[in-house]
Structure formats: C-alpha cells, structure tokens
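Presented below is the structure to which this report refers.
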Amino acid sequence: MSTTIPPARPAAPPRRTALPRRVTPARWFSDLGWRHLVGVLAIVYAGFPLVYVVSASLADAGTLTGSNELFASVSGANYVALGGTKFWTWMGNTLVVAVATGAGTVLMGAAAAYAFSRFRFSGRRVGLTALLVIQMFPQMLAFVAIFLLCISLGNVVPVLGLDSKLSLICVYLGGALGVNTFLMYGFFNTVPREIDEAAKIDGASHAQIYWTIVLRLTAPILAVVGLLSFIATFGEFIIARVLLQSEENWTIAVGLYGWVSSLQEANWGLFTAGAVVSALPVLALFLFLQKYIVGGLTAGSVKG
C-alpha cells in the first residue's frame, strides 16, 4: 500500500519589521510639547502673584511700588511687626469660625443627604429641587436682609445679633447647606443599600448604620465638603464685614482690609505678611486632605 506525501508548503516570507519613525522636534512639539508649554504658562500665571506677595512681605518698604524688583531686599521686619497688632486675635477668630462652620456643614449636610438618599417621604423630590434652586443664588445677594435680620434677633437673643461670631457661624451654615447637601446626596447614592439591609438584619438601628457604616464609607466627600467650607469661610469678607462691628471680633479678611483701606495710611508690608501667614492653615489642611479630593469630587457624579 503506497502512501502519497503531500507536497511541502512553501515557507512564508519573513515579516518585515517596521522601522521606528524618526521623531523630529516639530513632531514632538505637535504631539506632546505644546502640553508642556501650556502647563508652564499656567504655572507661571498662577505662581507669579504668590511670588510677588512673598517678595513684598520681605521688603523693607511698606508699599508695593518698591517691590517691582523681586526680592531686592529681604527682611523679616514685617512678620515681626505682626506681633504688635491684633493679627493673631483675628487669626484665632477666623479659625474658630471656619472650623465651626466646616464641622457644622459636614454634620448637618451629611444628615440631610442621608435622609434624602435612604428614606422615601412626601416632599422628597420637591426638597431636592429646592436645594438645587437655592444653590443658584449666592449668599452675598441677601447681605442686606441678613443685616436687618441680625438686628432684629439681637433685640431678642443678643448672642445672635450683630458683632457676634456665633451669629456669623449660623449665617455661614445656612448658606452652605444647599450646595453641600446636594453634593453629598450624589455620593451617598453610590453606597450600596445592601450594606444597610445586612446591618439591619444584624440588629443595627438607623443611627448605628449612619454613624458606624455610612459615614466611614463616605469619608472622601465629607473631607471635601469640610475643606471647601473651611476655605470659603476663611477668606469670606462681605458678610463678615457687615456683621462684625468691633475690631476684637474681626476675622482675618476684615482685619487685613483695615490695614490698606486708607490710601494715606496703607501698610502693604503688614498686609502681605499677614496674607502669607494666613494662607498657611489653608495650605496645611489642603495637603492633609488632598488624597480625598479627587475621589470625593468625582465619585458622586457616577450615580445620583
């Protein structure tokens, strides 16, 4: 019995390897270089005012006109002179107001967002719509009404009247709840309801679920809301200037403005030194919470 051997198939021609394209400066700039250029320009644009303020704070002269040459003279006299003013009193007032407002905003906003996210009740959709509409109007539009309201409240409850830090904190809390509640509501919806149901089966109450489970899972958005509220309150000027009358109760923004409000007696050296020092708490808090910022701002937009 003879067997036929099939003819051998011709070998496939060797594959030609593509030679890498030669990267020319023009191609590199069109693909990637222009991004570096835009980044450098953005850094220079954002960083030059900061460098200018630091240079003015270290200058011997108390005016900005002598600071055209950056770091022409370096002296710590302006920072030493802060100790002879009420700067540190203003800094303490600002920290008290900002910390209290940030903590209150987180606690009150998280409770409201948890209720809107987990419970179904009449008026829920209307409430969410009202929050969305309210946040479109800035709080500064109502500073005249706030001023008159505080005058009236001061006649009944003096601690909630004008020239009171507690009154200022209450005003800040009322203006911040709308946007922050809506922001946290979207993040709370990303937490699976199955976790709540499993905790209920184990006998946990709504309070235990809220404090021990939900708040821990939503720590990023709580940190973001607290940070944004702290920053907004720390640098707010208009409402603080309207409500706080005495110099002892001024915040840092109102106090620094008082140093340069008079053109004849403006001390820009103290102003810039105070601005640099007052930026340190915000910078420290931002660096401490930066790992939560991206996750807290983006996760709530996935499901809402």
Side-chain angles (χ1 to χ4, degrees), residues 39-103 140 165 168-169 172 176 223-224 226-244 246-293:
V40 170
L41 292 177
I43 292 174
V44 173
Y45 180 80
F48 179 76
L50 303 178
V51 175
Y52 187 79
V53 169
V54 173
S55 174
S57 67
L58 296 174
D60 295 329
T63 61
L64 290 180
T65 56
S67 303
N68 293 333
E69 296 182 4
L70 297 179
F71 302 102
S73 61
V74 178
S75 173
N78 292 323
Y79 292 93
V80 176
L82 291 177
T85 64
K86 295 184 179 181
F87 172 80
W88 298 110
T89 301
W90 302 335
M91 177 67 78
N93 295 337
T94 306
L95 289 176
V96 169
V97 173
V99 171
T101 303
M140 291 181 293
K165 293 189 287 291
L168 183 64
I169 293 172
Y172 286 154
V224 169
L227 176 63
L228 296 180
S229 178
F230 182 89
I231 293 175
T233 306
F234 197 92
E236 201 280 327
F237 170 75
I238 296 180
I239 297 178
R241 184 67 181 90
V242 170
L243 296 184
L244 302 178
S246 63
E247 191 174 358
E248 294 290 337
N249 291 328
W250 282 356
T251 59
I252 196 69
V254 180
L256 293 182
Y257 171 76
W259 284 345
V260 295
S261 59
S262 176
L263 297 178
Q264 301 297 329
E265 300 177 0
N267 193 330
W268 290 100
L270 281 177
F271 176 84
T272 52
V276 172
V277 175
S278 61
L280 296 180
V282 178
L283 179 62
L285 184 62
F286 181 84
L287 294 177
F288 178 74
L289 298 176
Q290 64 177 343
K291 62 181 179 180
Y292 298 107
I293 293 176

- Determine whether Asn78 and Leu58 make a side-chain contact, defined as any pair of heavy atoms from C-beta on separated by less than 4.5 Å.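 Side chain of Asn78 against side chain of Leu58, heavy atoms only: no contact under 4.5 Å found.
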- Task: Sequence neighbours left out, what pairs pass side chain to side chain donor-acceptor pair (under 3.5 Å) with at least one residue falling in residues 231-244?
- Result: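 Those involving residues 231-244 are Tyr172-Glu236.
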Could you work out, with side-chain contact (heavy atoms from CB on, under 4.5 Å) as the rule, every residue matching [X], not counting sequence neighbours?
X: Leu285; value: Leu227, Phe230, Leu289
X: Leu50; value: none
X: Leu287; value: Leu283, Gln290

Hey, does the side chain of [X] reach the backbone of [Y] with a donor-acceptor pair shorter than 3.5 angstrom?
X: Ser55; Y: Val51; result: no
X: Thr85; Y: Leu82; result: yes
X: Ser229; Y: Gly226; result: no

As an exercise, state the distance from [atom1] of [X] to [atom2] of [Y], rounded to the nearest 0.5 Å.
X: Asn93; Y: Glu247; atom1: CG; atom2: CD; value: 11.0 Å
X: Leu243; Y: Trp250; atom1: CG; atom2: CH2; value: 14.0 Å
X: Thr94; Y: Leu168; atom1: OG1; atom2: CG; value: 9.5 Å
X: Leu244; Y: Ile239; atom1: CG; atom2: CD1; value: 11.0 Å

- Message: For Trp259 and Phe87, take the angle between the two ring planes, folded into 0 to 90°, and tell me which bin it lands in: parallel under 30, tilted 30 to 60, perpendicular over 60.
- Response: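 Rings of Trp259 and Phe87: parallel, as their planes differ by under 30°.
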- Query: Mind checking what makes ring-ring contact (aromatic ring centres under 6.0 Å, His included) contact with Phe237, not counting sequence neighbours?
  - Reply: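 ring-ring contact (aromatic ring centres under 6.0 Å, His included) list for Phe237, sorted by chain: Tyr257.
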- Task: Output all residues satisfying ring-ring contact (aromatic ring centres under 6.0 Å, His included) with Tyr79, sequence neighbours left out; order by chain, then residue number.
- Result: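 For Tyr79 there are no ring-ring contact (aromatic ring centres under 6.0 Å, His included) partners, ignoring immediate neighbours.
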- Any idea which heavy atoms bring Ser278 and Ile252 closest together, and the distance?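 Nearest pair, atom of Ser278 first, then Ile252: CB-CG1, 3.9 Å.
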- For Val276 and Ser57, work out which heavy atoms get closest and say how close.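 The pair with the smallest heavy-atom distance is CG2-OG, 4.1 Å.
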- Only one of Leu95, Val99, Thr251 forms a side chain to side chain contact (heavy atoms under 4.5 Å, CB included) with Phe234, so which one is it?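 In the set Leu95, Val99, Thr251, the residue that makes a side chain to side chain contact (heavy atoms under 4.5 Å, CB included) with Phe234 is Leu95.
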